[in-house]
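Down below is the structure, laid out as structure tokens.
Bear in mind that the values here come from a model prediction, so they are computed numbers and not experimental data. Chain naming here is simple, since letters A, B, ... match the order of the sequence lines and numbering starts at 1 in each.
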Number of protein chains: 2
Amino acid sequence: MKNLDLNEFVRAKRKSLRLTQVELSDKSGVGLRFVRELERGKITLRLDKVNQVLKLFGYQLGAVQLNRNTLLDETS
Amino acid sequence: MKNLDLNEFVRAKRKSLRLTQVELSDKSGVGLRFVRELERGKITLRLDKVNQVLKLFGYQLGAVQLNRNTLLDETS
DNA sequence: TATTTTTATACCCATTCGGGTATATATTTA
DNA sequence: TAAATATATACCCGAATGGGTATAAAAATA
């Protein structure tokens, strides 16, 4: 199954910083292919690689409750 | 302050349900070795496998903010 | 329209995850 | 104490990740 908006979150954050996938790849240190697979919603990615990207945005992976309406992006 | 690490979270949740690693392995469908590596804090795990475990607790992986110096911790 | 930029697929392949299993080391219980 | 249970560590190995690269397609720009 798709990975809970994580892909959309990354894409939105990247766009908000006006970065291309190539630039995000360079800045985060992960491969370009990884950035693309991440934004496309691949679910078998490695935790450390995802965190490497999220760290640029000031985020990291953590356990969040299901059921709760997290459809709203509270980036305010 | 660190937001309860994923490995500690899993272990705490498992203990609260009075499950052994073997039982968690069976119920979640991941291998026993994976459960142990997860609770030991291995960072190169796969997203889908971690989510397979978290789902049992009603959680899943998501992007959470770093540098949360506010005191509104909902940690048990 | 044409050009440029960005993103999507496909391929090769070294690295390594993750399952299973066995053994060793706690930890708990009688 | 011993016995039972739980957890940690180590090994083999198939399968898949992720990097790099090339090409195609799409989107943006003039």
| request: Take the protein atom CG of A:Leu24 and the nucleotide atom P of C:dA8, then report the distance between them rounded to whole Å. | output: 13 Å

| note | Separation of D:dA28 atom C1' from A:Leu19 atom CG, nearest Å, is 17 Å

| field | Short side-chain N/O contact to D:dA16 OP1/OP2 from A:Thr44, under 4.0 Å | value | no

| message | Counting the atoms with a prime plus P, OP1 and OP2 as sugar-phosphate, which does B:Leu32 contact under 4.0 Å by heavy atoms, base, sugar-phosphate, or nothing? | response | nothing

| A:Glu23 has an atom CD; how far is it from atom P of C:dT7, in whole Å? | 9 Å

| request: Give, for atom CG of A:Asn51 and atom CG of A:Leu47, the distance between the pair rounded to the nearest 0.5 Å. | output: 6.5 Å

| field | B:Arg46 side chain, from C-beta outward: closest of C:dG19, C:dT7, D:dT17 | value | D:dT17

| request: Using atom CD of A:Glu37 as one end and atom P of C:dA8 as the other, report the distance to the nearest whole Å. | output: 11 Å

| Gap between atoms NZ and P, on B:Lys42 and D:dA10 respectively (whole Å) | 12 Å

| request: Calculate the interatomic distance between B:Arg11 atom CZ and C:dT27 atom P; express it in whole Å. | output: 11 Å

| task | Considering just the side-chain nitrogens and oxygens of B:Arg40, establish if one lies under 4.0 Å of OP1 or OP2 belonging to D:dT9. | result | yes

| For D:dA10, does OP1 or OP2 lie under 4.0 Å from any side-chain N or O of B:Arg36? | no

| Which of these nucleotides, D:dT7, C:dT7, D:dG19, is closest to any side-chain atom of A:Phe34? | D:dG19

| query | In Å, rounded to the nearest 0.5 Å, how long is the span from CD of B:Glu37 to CG of B:Leu32? | reply | 10.0 Å

| query | Can you tell me how far P of C:dT15 sits from CG of A:Asp48, to the nearest Å? | reply | 17 Å

| task | Rounded off to whole Å, could you give me the CG-to-P distance for the B:Asp26 and C:dG20 pair? | result | 10 Å

| query | Between D:dT7, D:dT17, C:dT6, which nucleotide has the shortest distance from any of its atoms to the side chain of A:Thr20? | reply | C:dT6

| query | What is the nucleic acid contact for A:Val22, judged by heavy atoms within less than 4.0 Å: base, sugar-phosphate only, or nothing? | reply | nothing

| Under-4.0 Å side-chain N/O to phosphate OP1/OP2 contact, B:Gln21 with D:dA8 | yes

| What's the spacing between A:Leu19 CG and A:Lys27 NZ if we round to 0.5 Å? | 6.0 Å

| Residues B:Arg18, B:Glu23: salt bridge by 4.0 Å N-O rule | no

| query | Counting side-chain heavy atoms from C-beta on, which of C:dG19, C:dA8, D:dT7 comes nearest to B:Lys49? | reply | C:dG19

| request: Calculate, to the nearest 0.5 Å, the distance between atoms OG and CZ belonging to A:Ser16 and A:Phe57 respectively. | output: 7.0 Å

